[in-house]
Number of protein chains: 2
Amino acid sequence: MGTIGIRDVAKAAGVSPATVSRTLAGRAVDPAMRAAVEAAVRETGYRPNLAARRLRSRDTGTIGLIVADIRNPFFTAIARAVEEAAYARGLRVILCNTDEDPARETLYLRLMEEERVTGVILAPTRETPAVRAADLAVPVVLIDRSPPGGDHDAVLLDNRAASTMLVDHLHAQGYTRIAGLFGATSMTGHERRAGYLAATARLGLAADARAVPHGPGETEAVVAALLARADPPDALIASNGVMLLSVIRALNAAGAGQAGPAIAGFDNEPWTEVVCGGVTLIEQPVEQIGGEAMAMLLDRLHQPDASRRTVMLGGRLIVRGSTARRE
Amino acid sequence: MGTIGIRDVAKAAGVSPATVSRTLAGRAVDPAMRAAVEAAVRETGYRPNLAARRLRSRDTGTIGLIVADIRNPFFTAIARAVEEAAYARGLRVILCNTDEDPARETLYLRLMEEERVTGVILAPTRETPAVRAADLAVPVVLIDRSPPGGDHDAVLLDNRAASTMLVDHLHAQGYTRIAGLFGATSMTGHERRAGYLAATARLGLAADARAVPHGPGETEAVVAALLARADPPDALIASNGVMLLSVIRALNAAGAGQAGPAIAGFDNEPWTEVVCGGVTLIEQPVEQIGGEAMAMLLDRLHQPDASRRTVMLGGRLIVRGSTARRE
DNA sequence: AATCGCCGTGAAAACGTTTTCTTACGGTCA
DNA sequence: TGACCGTAAGAAAACGTTTTCACGGCGATT
């Protein structure tokens, strides 16, 4: 009565519900009947009930994407790439945002299980999900971050190499007191920090790596502390795009003009091209990460028992500004 | 067998499936039984099947959010606000991205119907959805844009007033040849253009309003054309955040330095604070838009036959830079 | 003290599909 | 020409939950 279902269509077309189902699924059906069904569908304005469909046929045709910070353009780019890849394969995407909160991450992973999604692509917040991923009912591919010991499918940026590239570049430009700001909550931050430490040590430079908590104002505080040093740094590396902007804002607030430290960072966001005469940074292959993660997920679904693998992609150093020095 | 369901939990707890269901739903149940059920749930690792739940109880507890461009930070901010509001009410959000493509919009609206979502919040691409929204099975609240004649629930920015503020401000700063770039695909662009035209006419200024198609490179081309005028504009207004950045990029590319036109625009994105010494713009009350849209949607669900209403929110003029002139 | 209503429980129906399972129909091969 | 096989359609079961229905027990009202 209220809503019209497959039985109504069947009645209108003079066939059985099974035939309607088969027609809609594109299976073999007598052409005449198919035409009748299609006409009936049009006429009745029938809309399939996805909940019922998913309940019966155990395939939901849906994958979950859980990111750590939707405001971070890196993750929105990932989201777009993943959605595009899914769309091309006729899959739906459910997007969730944890805001770097492990509790929300747990909640959303649980929700994904309840949704009976086919698979999950996850940018984890900490090590905890590693354990969890193991006893999870659904296949998971990690992106951007991966806990150290874990045995997971993952597609990552080579963070150590990326940090090294930045340090090497700055060193080649003549900077010697290079400080780094790294996210405290993410594995990514740790790895970039490790690369930074290794590179500075190799070059015989003094290292100053600061861990920055996730939250407003934190980065600004750390920058202020750095500038207050007896021998303030002549170059700053920011561990991601959001932090990079905060660094610039902090430097502006401190009135550091031409004499201020040079800056470099991660994530090729559109604005980085026009600010401070262009800022030098590591560009992540976002499209590729999204596509690779989706491909890996589908592989896993196809071969549940194959050994897990980690794909590591390289970043691209983009040099901007005269010498990567602020205008 | 494969998956464990409510019957298994019931068996483990020594009660009927109905009691398990009632316990999980938080209805009145004998405390002893409740405890037994909760223990059984923990012990069995039971995960409810949301598809089955949604099928039986007609309420999906889900709303759809369809935005026009997920890369536009305005829309990601909206997404966050809506999700937050939904989360607080125990609702789920499905996020879709049309990329300004009416065909995808149609597709997603249809999908929302099939998903049996409780309601939809939609940032439409063109006039077409207006007609469509009328015969849609699900309540729709429009945001950011609304077709002219339509009778819809909508929460909008007062675009005419916002444009007027910008023109007035620039005029007060002494600019006289103010040109504007407005999105060609959206209603919002048209309205902001209308406000611009009215304001310039009132002030007796020459108007030059250009319609910019959605796509890469389009804005840059228009800016180049403007600069090539016999009397190039001394100020530019960009109709949204993405366009604003493209304008700056184009000006940089053209080598327009101190002598170049002043710029102003819409959307208070983080980077606008640090580029060109800060750019003057209209900030939209994003949180409020998202919250209001959600509230309006819930009202509509509660009172399906109440008359539709449009809430118009005001933008806030943020003046940056010395005189909103480029450094 | 007996009855009326209320509350909580279990059995069973229902939600709208898809997917067996069964059956009928032709066509092909022996 | 008869048996056999593949194909396609219809009947009915199944998916996992919520909700109605009927019933039994208990406290309150008369």
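Values below: all heavy atoms of this structure, side chains included; hydrogens, waters and symmetry mates excluded. Each chain gets a letter, A, B and so on, in the order the sequences are listed, and its residues count up from 1. These figures come from a predicted structure and were not determined experimentally.
Partners of A/Ala79 by side-chain contact (heavy atoms from CB on, under 4.5 Å), not counting sequence neighbours, listed by chain and number: A/Leu65, A/Leu95. With sequence neighbours left out, A/Asp153 forms a side-chain hydrogen bond (donor to acceptor under 3.5 Å, both in side chains) with A/Arg300. Every residue meeting the side-chain hydrogen bond (donor to acceptor under 3.5 Å, both in side chains) condition with A/Arg309, not counting sequence neighbours, appears here in chain and number order: A/Asp299. Remark: A/Arg116 engages no residue in a side-chain hydrogen bond (donor to acceptor under 3.5 Å, both in side chains) (not counting sequence neighbours). Taking B/Arg7 as the reference, nothing meets the salt bridge (Lys or Arg N to Asp or Glu O under 4.0 Å) condition, with sequence neighbours excluded. Not counting sequence neighbours, the partners of B/Thr44 by the side-chain contact (heavy atoms from CB on, under 4.5 Å) test are B/Ile4, B/Val9, B/Ala12, B/Tyr46. Applying the side-chain hydrogen bond (donor to acceptor under 3.5 Å, both in side chains) criterion to A/Asp99, with sequence neighbours excluded, gives B/Arg80.
Terminal axes of the helix from C/dA1-D/dT30 to C/dA30-D/dT1 (five pairs each, C1' rotation axis) are separated by 40°, to the nearest 10°.
Between B/Ile66 and B/Met112 the shortest side-chain heavy-atom distance falls below 4.5 Å.
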For nucleotides 22-26 of chain C, list the nitrogen or oxygen atoms of the protein found under 3.5 Å from its nitrogen or oxygen atoms, one pair per line.
none

Can you name the atoms? Protein N/O to nucleotides 10-14 of chain D N/O, anything below 3.5 Å, with the distance.
residue : atom : partner : partner atom : Å
D/dG10  : OP2  : A/Ser16 : N            : 3.2
D/dG10  : OP2  : A/Ser16 : OG           : 3.3
D/dG10  : OP2  : A/Thr19 : OG1          : 2.7
D/dG10  : N7   : A/Arg22 : NH2          : 2.8
D/dA14  : N3   : A/Arg56 : NH1          : 2.7

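Among C/dC15, D/dT18, C/dT17, the nucleotide with an atom closest to any side-chain atom of B/Leu55 is C/dC15.
Within residues 37-46 of chain A, the residues having any heavy atom closer than 4.0 Å to DNA chain C are, in order of number, A/Tyr46.
Contacts of A/Arg47 with the nucleic acid, taken as non-hydrogen atoms under 4.0 Å apart, involve only primed sugar atoms and P, OP1 or OP2.
A donor atom on one side chain and an acceptor atom on the other are not found under 3.5 Å apart for B/Glu100 and B/Thr125.
Screening residues 16-33 of chain B for salt bridge (Lys or Arg N to Asp or Glu O under 4.0 Å) gives no qualifying pairs among residues at least two apart or on separate chains.
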